[in-house]
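Working notes for the structure below.
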Amino acid sequence: MLKANGEFRTALKHLQLALIDTSPSTFTDLQVKFQIAHLYEVQNKHKAAKESYEFILNNKNVSLDLKADIYRQLGWMYHCVECLGEKKERESNALLFLQKSIEADPKCGQSLYLLGRCYAGVNKVHDAFLAYRNSVEKSEGNADTWCSIGVLYQQQNQPTDALQAYICAVQLDKEHRSAWTNLGILYESCGQLRDAYACYSNAIKRIANKKIGNAQEGNKTLYAKSSTNGLTKGLAQRVKFLESQLSQAPLPSITSKRRQLCSIEEAWNLPISLEINSRQQQQQTIQMQQRQFGKNPSVQGPPPPYPHSHGNTGNPIPAKRVKEDAEHTARNRTDATPNSSQQQHQMNSAQFLQQPLNRQSIKTSSSPGPTSSATSAANEAISERTNYGSEIISSDNIKEDNDANDFELTEQKLQIRCPNISTKLAEDDALNNYNGTNNVAIKYESLTHFNDDTQTNFKDQKPKVEYDNDQESLPTFNIQMDSKQLWSAVKQLSVDEPPINFSITTKNTPPPSPPDCPPQRLTRDQLLPPTPSVHLENKKNAFSPQLQEFCLKHPIAVVRGLAGALKLDLGLFSTKTLVEANPDHSVEVRTQVNQSPDENWDVSQAKRVWACISHRSHTTIAKYAQYQASSFQDSLKDEGDKGSAGSQVMSDSDSKDSVSNSNINLRRKRQKNGSKMLRFGTNVDLSDERKWKPQLSELQKLPAFARVISAANMLSHVGHVILGMNTVQLYMKVPGSRTPGHQENNNFCSININIGPGDCEWFAVPDSYWGGIHNLCEKNNISYLHGSWWPVLEDLYKENIPVYRFIQKPGDLVWVNAGCVHWVQSVGWCNNIAWNVGPLTARQYSLAIERYEWNKLQSFKSIVPMVHLSWNLARNIKVSDVKLFELIKMCLLQSLKNVFHIQEYVKSKGVEVRFNGRGKNEASHYCGQCEVEVFNVLFIREQEKRHVVHCLPCSLKLSPSLQGIVCLEEYRLSELQQVYDSFTLYRTQGLGQAH
């Protein structure tokens, strides 16, 4: 009680007396020591708290319950407290300790929730969603978790799902100010001002109620008082602004713009919301009994992107420790664990977490939660609960004190985030909640946002942390600088050492590395998930925005019936038509061993291996067509016809795209009796519009998001051809032709359409597991990037890596989302066409940048020149998504800074920078030595007959003084400065619209 009221010295004195007291007690010595450690923690004596927690863990008699609590506290401290080490190390420790907490107490929903927060903080979206979902299964009544899920959905540009999550939060806790605030931001982002106004008003009302409650309880608002006042003021200003907008807005009419989201009244009455509301009273009355007397086996639901939920029933879980009634009451809301009647609701909630694409008349077979990982690209943590003491004994003061900062915006943040809309939600600024980081200076970076002209004074301010022990003489760089400020800052940098360590990410971002796989163990069924698929019935389905949403939210998706719905003439890509059009066109041929799709044997057929052997040669379309036809004729005479057998045994089912074990065994026996070689015609270039005009024109029938060229496709802004990425490539196949395992170049999405007449079999792994496949490649002595590999499925299953498996029939389109690992084998004789696309999303750009940086570390060429592309995007498009804007702006900042610095360094060496210019559609430049992209400042050896471009580091290896090196400039600095300064957030016009 003393600790809860902030009387820390007196509390410590009594706890120390309790340690000395030998009389019988309901608390053990270790529990008292735990309370002392937590007392240090709430006083921001983090190092003392950490040492005390670790001391308790070293005791052999510590119980599992107490161990779980300590690991949870340590994990959350590492996540939040800057003074405990470097960020990357802290985040790693945070994840480790929270996972240990879950191992010690698998039934604790709060630990799962905090684990989700940590995953979200390091941009592991898939893992964060998984943890939140498991937390919901353990403690459905936790409104904080639902609010976090809403934030995660909103960050993934899934507003409808975000809306339902926020509604779940406020249904469970009508006083949840954070959910009301974020719900208002969501509505305002969609231009639905009346609903936003209602939500902000509710948030203000809840804050007022909270203040009244606090006043009645005494001075418990120890830390949150000023923050709450600031938040109330910011919300009040926002409400006043919306009032003025709504008073001028026209009345709704039939011709008004169609609403993106249902209204707050309609959302409140959604089936999930109604059920939560009807169970709320029942839930609150049973929670005390659950913690004191009940027992329940852990309910383990499958992770996304797997749609099945196990609705186990059972008795409630037991309490971790006996607590006083007041402590139980304070924790009721966050610790609620579902009873048997609530388990059925969990399955309904899981339906929301895995909502299918059932809008309009599109039929879907499965649909998971948000897209896997990663990579989504949010460096700022989401608007969620920041206090790390909300689960432990006597932590009422921390819970109360931090409520004002829960998921919400400070006054500064609110002023800019509410008008901005497709943007960041409230930041999780742990620094505002901890007063012990004495060696940290917080600076604010302002970010001009878009909105109505009356809002031009609003600034986005986020804390930038700099440590006092940094070199004070070095200037700082941020995306709020204009080009003149940037130039001035660069002039302060030393030119004694060459600027050779160039990265287009933020300064303190750790170098990219293969991620660990999600830790949750999967069942056999979860390791073989059904493939998300959609069947299109008509053109309206194909052009519905829901189809793009569906594709973007899954690692991989099959769009069936596409050719029929759009009346695509696939015959234009048949072998017969290709031969008639351009018989002498070049075809790259890969000679491979014909094997079962499940297997990959070494040359002697003695053991399974990962190495996928093929030999390259070249031929023409006409000659390969002859081979394709003769192969088919030979198969008709061959009793051991693998292609025919494969066609018979492979069946397509939208509910479960997989192959039975009996079929696998049949093919295995036939394969081991003898192997044949086959020739796979690959990488047929269809980029020449003069040669392939009918074929390329036919592809214009596709919806915009799937077209080769589209304003909304990043790759259409590169400005030059990247064969096979922003151009169409054709693949000519006989049964058994293999495309080995890979991720697409720079993690861009890809489109693949089967022309037929035969089928193809696909294998795919969500991008959050690519680190696991990378490790298996290393284990098998194969380079993940440079090598050719065909995974052994059993190896993947043993490593807890799930694999989608499905059949692509003629006319089916396969959408491969950013980062998805996949490999393909033809079942019959068929042709395929494929190309890449880059949706204008923060997640796609972030994953592309991450792979660009990792490729440099691996000495692997990024065939998408991300710096050049980013400058073209800045020239060509207007960005209203804050995250995408910040990522692109950071790339512009870092590259312009590097250009400035290199030129200053070169001039200091007495080398003249000559203007060379850039030709129309000229390809981007790469270093002839290391194959790194070279932007704007090119180095060429003066005496070379064939001019080869070099980067600065390679030029210095050739000539340390740069003597004999010519330095060329592609763009004048004034042009780059103008592009940089002109690239600002786009102001949407949604505020004046009524719904």
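Here, residue 1 is the first one in the sequence, and each next residue gets the next number.
Annotation for Phe543: atom CZ counts as buried by contact number, over 12 foreign heavy atoms lying within 6.0 Å.
Trp790 and Phe763 have perpendicular rings, their planes meeting at more than 60° on a 0 to 90° scale where under 30° would count as parallel. Ring pair His822/Trp762 is parallel by interplanar angle, where below 30° counts as parallel and above 60° as perpendicular.
Distance alone, capped at 3.5 Å, places no donor-acceptor pair between the Ser710 side chain and the Phe705 backbone. In terms of modelled atom types and a separation under 3.5 Å, the side chain of Thr531 and the main chain of Tyr804 share no donor-acceptor contact. Listed for the Gln808 side chain is a donor-acceptor partner under 3.5 Å among the backbone atoms of Asn752. A distance-only check finds a donor-acceptor pair linking the side chain of Gln844 to the backbone of Cys749 [under 3.5 Å].
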Point to revise | Stepwise side chain to side chain donor-acceptor pair (under 3.5 Å) test for Asn182 and Gln154 | key: CA-CA 10 Å; Asn182 285 340; Gln154 192 166 354; over 6 Å; no
Exercise for review: Could you check Thr523 against Asp525 for side chain to side chain donor-acceptor pair (under 3.5 Å), going step by step and ending with a plain yes or no?
Suggested key: CA-CA 5 Å; Thr523 65; Asp525 286 342; 5.3 Å; no
Point to revise | Stepwise side chain to side chain contact (heavy atoms under 4.5 Å, CB included) check, Trp146 with Ile167 | key: CA-CA 8 Å; Trp146 282 106; Ile167 290 294; over 6 Å; no
**Study point:** Derivation and outcome, side chain to side chain contact (heavy atoms under 4.5 Å, CB included), residues Val728 and Gln695
**Key:** CA-CA 10 Å; Val728 181; Gln695 286 79 8; over 6 Å; no
**Study point:** Residue pair Thr575, Asn831: steps toward the side chain to side chain donor-acceptor pair (under 3.5 Å) verdict
**Key:** CA-CA 8 Å; Thr575 300; Asn831 292 347; 3.1 Å; yes
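Note on Asp767 versus Arg843: salt bridge recorded, some NZ/NE/NH1/NH2 to OD/OE distance being below 4.0 Å.
With sequence neighbours left out, the salt bridge (charged side-chain N to carboxylate O under 4.0 Å, His left out) criterion links Glu689 to no other residue. Listed by chain and residue number, nothing satisfies the salt bridge (charged side-chain N to carboxylate O under 4.0 Å, His left out) test with Lys567 (two or more places apart in sequence, or in another chain). With sequence neighbours left out, the salt bridge (charged side-chain N to carboxylate O under 4.0 Å, His left out) criterion links Asp688 to Arg690.
Rounding to the nearest 0.5 Å places CG of Asn746 at 10.5 Å from CD of Glu744.
Leu163 places a side-chain heavy atom less than 4.5 Å from the side chain of Leu183.
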